[in-house]
Amino acid sequence: MAEEKTNFIREIVKQDLASGKWDHRVHTRFPPEPNGYLHIGHAKAICLDFGLAAEFGGKTNLRFDDTNPIKEEDEYIQSIIEDVRWLGFDWEDRLYYASDYFEQMYLLAEQLVKAGKAYVDDLPPDKIREYRGTLTQPGTDSPFRDRSVEENLDLFRRMRAGEFPDGDKVLRAKIDMRHPNMNMRDPVIYRILHAAHHRTGDVWCIYPMYDWAHGLEDSIERITHSLCTLEFEDHRPLYDWFLDQLGVYHPQQIEFAPLNLTYTVMSKRKLKQLVVEGLVDGWDDPRMPTLSGLRRRGYSPEAIRVFSEEVGVAKKPSTTEIELLEHCLRTDLNKRALRVMAVLDPIKVTLKNYPEGQVEWLEAINNPEDENAGTRNIPFSRELWIERSDFREDAPRKYFRLAPGREVRLKHAYYITCTEVVKDPETGLVRELICEYDPKTKGGWSDDGRKVRGTLHWVSVAHAVDAEVRHFDRLFTQKNPDEVEPGKEFIDYFNPESLHILTGCKVEPSLMKARPGEYFQFLRNGYYCVDGKLSSPEQLVFNRSVSLRDSWARTNKTG
RNA sequence: UGGGGAGUCGUCUAAGGGUAGGACACCGGGUUUUGGUCCCGGCAGUCGGGGUUCGAAUCCCUGCUCCCCAGCCA
């Protein structure tokens with residue numbers, strides 16, 4: 001039944017492979033601009049670019065589209081390389097930079113000038129905008145549109161030579177100022193920017209625009225399928241025009257809908273604003289949809305790759321529910337996360353009939369979903385921590401945790417029965433529970449057919465390690481923070497409750513050895529990981545990656 | 001009133017003349033030393049109106065709605 005999932009781009013590739021359109025090659029590229037950190041939306045594109053090529057025995061280049069020195073930084077390049085690699089993709093020796101092609105691009109531009117298809121325009125920016133017309137009104141020709149080839153070539157060379165200040169002149173393609181597609185109204189292809197480039201330094205003072213550069217990059221690298229998002233659909237005619245005018249190798253641009261997720265934003269500009277305004281702890285804050293944030297949150301690359309496949313690829317603008325992402329994480333972590341015990345909101349239990357000073361090391365299964373995960377021993381003693389929410393004085397019948405007179409199982413340990421509740425005389429708050437354990441139930445079993453519904457997690461007081469635990473909620477309070485009411489902006493929907501810091505948590509001693517990048521399930525609580533930025537041997541800090549599904553909480557809420 | 005795209009369960013996505021399928025979400029039930037996992041079941045969709053056809057989500061006509069484009073950003 002499990003018909004393999006497909007999408008329109010995969011079908012195009014299959015057809016092209018069958019027809020031999022590209023010599024039976026598939027060669028894609030992932031072309032980020034190094035002006036920010038990669039996010040889950042990029043992951044979809046990365047998985048598409050790399051995944052599709054790999055599926056058909058093709059190749060994928062990692063290419064930095066670094067044509068704007070003002071916005072681009074080396075820090076971003078490093079993070080992008082790290083993130084793509086972390087996701088599990090390999091570009092082998094094909095790490096390219098658009099800036100490596102600047103000379104070729106320049107020469108091709110001269111070729112366009114010589115063909116009478118490009119001209120140097122002296123119009124200032126505001127005039128260029130004015131002459132462009134509007135969506136409904138045609139533009140008008142620049143007075144400089146009909147300069148001779150000789151004059152254009154001379155001026156263009158002098159632009160490169162640095163004879164003019166920023167904004168003084170531009171090189172424009174000569175297409176049609178009355179074209180219904182705004183992109184075809186003599187688009188600018190080179191601008192003067194006396195700015196140091198992160199790779200070429202001050203070698204250049206003119207830089208190519210995206211539309212000119214991108215198709216050439218694809219052409220130079222002999223890309224077959226150039227995948228990009230929907231907003232570039234309007235640019236395809238230009239992409240094709242340039243390549244056709246030049247008579248060079250001509251890849252096919254195919255557009256797909258970008259990924260949107262509920263309760264978050266996906267624009268680098270907006271994510272950067274959260275960082276700059278200090279609303280989050282950097283690009284890698286665990287609440288961020290960035291790959292570095294998801295990594296710090298405890299997402300696995302596998303979960304993200306499965307998610308990318310699950311959301312599918314189409315041309316319909318859409319917003320995926322974040323629950324699907326969480327589901328993919330739970331599915332992956334369920335198979336791999338080591339089960340450990342951690343008490344987040346501790347209340348003390350004293351076993352009245354357990355020998356003082358005695359310690360038993362009980363065997364605990366590391367992962368019931370993975371036999372190879374083995375077992376470990378955990379210390380059990382007279383005084384234990386259990387979860388405050390696992391006890392209720394006024395327990396309803398459906399509640400099968402601890403209550404006065406009720407018996408529960410301590411996971412991997414013994415059955416215990418609550419015999420006495422010690423309260424603070426001042427506040428009336430429960431301070432301690434006095435219980436009795438049944439020595440005949442070691443390991444959590446009894447052969448007398450006794451029915452014990454509840455199983456609790458616990459940590460030995462004498463052996464517990466203190467830890468800080470961080471829980472996260474949605475980054476924004478609105479399902480779609482981009483859709484703002486009049487007078488508001490997306491940042492107004494930032495969720496001030498999105499970070500909860502729990503202190504005084506008690507975790508089992510084995511967690512002292514936990515390292516960033518390892519996956520844990522805090523039994524009955526959720527999936528957690530060590531925060532690679534904040535955690536230290538002196539102060540353990542864990543992040544909750546995602547909670548466990550909780551049907552008890554659900555029935556309580558709706559009931 | 002310009003151009004380019006897109007409309008299938010609540011959400012995402014298949015089916016491209018022949019039984020509208022899957023996943024998430026949601027709702028039941030079973031198993032369970034995690035109120036987890038797993039298993040079983042349920043809910044729910046072709047934007048509207050015409051037409052062609054034995055048969056239309058699919059083809060034709062028409063209407064409607066939504067998204068993108070007026071950077072010397074990508």
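So that the names make sense, note that chain A is the first sequence line, chain B the second, and so on, each numbered from 1.
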Are A:R392 and A:Y399 in a cation-pi setup, meaning NZ or CZ lies under 6.0 angstrom from the ring centre and within 45 degrees of the ring axis?
yes
Counting the atoms with a prime plus P, OP1 and OP2 as sugar-phosphate, which does A:R236 contact under 4.0 Å by heavy atoms, base, sugar-phosphate, or nothing?
nothing
With sequence neighbours excluded, residues passing side-chain contact (heavy atoms from CB on, under 4.5 Å) with A:A257:
A:L230
B:rG71: syn or anti, per glycosidic angle within 90° of 0
syn
Partner set under ring pair (Phe, Tyr, Trp, His ring centres under 6.0 Å) for [X], not counting sequence neighbours:
X	value
A:W458	A:F380
A:F542	A:F522
A:W445	none
A:F164	none

Considering only atom [atom1], compute the distance from [N] to [M] and round it to an integer number of Å.
N	M	atom1	answer
B:rG36	B:rA25	P	13 Å
B:rA15	B:rU19	C1'	12 Å
B:rG41	B:rU58	C1'	32 Å

All N/O pairs under 3.5 Å across the protein-nucleotides 70-73 of chain B interface:
| unit_1 | atom_1 | unit_2 | atom_2 | d |
| --- | --- | --- | --- | --- |
| B:rA70 | O2' | A:R132 | NE | 3.4 |
| B:rG71 | OP2 | A:R129 | NE | 3.4 |
| B:rG71 | OP2 | A:R132 | NH2 | 3.4 |
| B:rC72 | OP1 | A:R132 | NH2 | 3.2 |
| B:rC72 | OP2 | A:R132 | NH1 | 3.1 |
| B:rC72 | N4 | A:L123 | O | 3.1 |
| B:rC72 | N4 | A:P125 | N | 3.3 |
| B:rC72 | N4 | A:G167 | O | 3.1 |
| B:rC73 | OP2 | A:R191 | NE | 3.0 |
| B:rC73 | OP2 | A:R191 | NH2 | 2.7 |
| B:rC73 | O3' | A:R191 | NH2 | 3.2 |
| B:rC73 | O2' | A:N68 | ND2 | 3.2 |
| B:rC73 | O2' | A:K71 | NZ | 3.3 |

Would you kindly give the CD-to-P distance between A:E387 and B:rU34, to the nearest whole Å?
17 Å
Is any side-chain nitrogen or oxygen of [X] closer than 4.0 Å to OP1 or OP2 of [N]?
X	N	value
A:K315	B:rG4	no
A:R524	B:rG35	yes
A:S318	B:rU11	no

Between protein and nucleotides 21-25 of chain B, what N or O pairs are separated by less than 3.5 Å?
| unit_1 | atom_1 | unit_2 | atom_2 | d |
| --- | --- | --- | --- | --- |
| B:rC24 | OP1 | A:H327 | NE2 | 3.2 |

Taking side-chain hydrogen bond (donor to acceptor under 3.5 Å, both in side chains) as the test, write out the residues that go with A:Y106, two or more places apart.
A:E110
Selected nucleotide, minimal atom distance to A:P368 side chain, candidates B:rU34, B:rG5, B:rG35:
B:rU34
Please convert RNA chain B into dot-bracket. A pair counts if it is Watson-Crick or G-U wobble with both distances under 3.5 Å; crossing pairs go in [ ] and bases paired with another strand get |.
.((((((..((((....[..)))).(((((.......)))))....(((((..]....))))))))))).....
Filtered N/O pairs between nucleotides 40-43 of chain B and protein, under 3.5 Å:
none

Set of residues satisfying salt bridge (Lys or Arg N to Asp or Glu O under 4.0 Å) with respect to A:D100, sequence neighbours excluded
A:R199
Residues that A:R549 engages under salt bridge (Lys or Arg N to Asp or Glu O under 4.0 Å), provided they are two or more places apart:
none
Could you report the tightest heavy-atom contact between A:R63 and A:E221, atom names first, then the distance?
CD-OE2, 2.8 Å
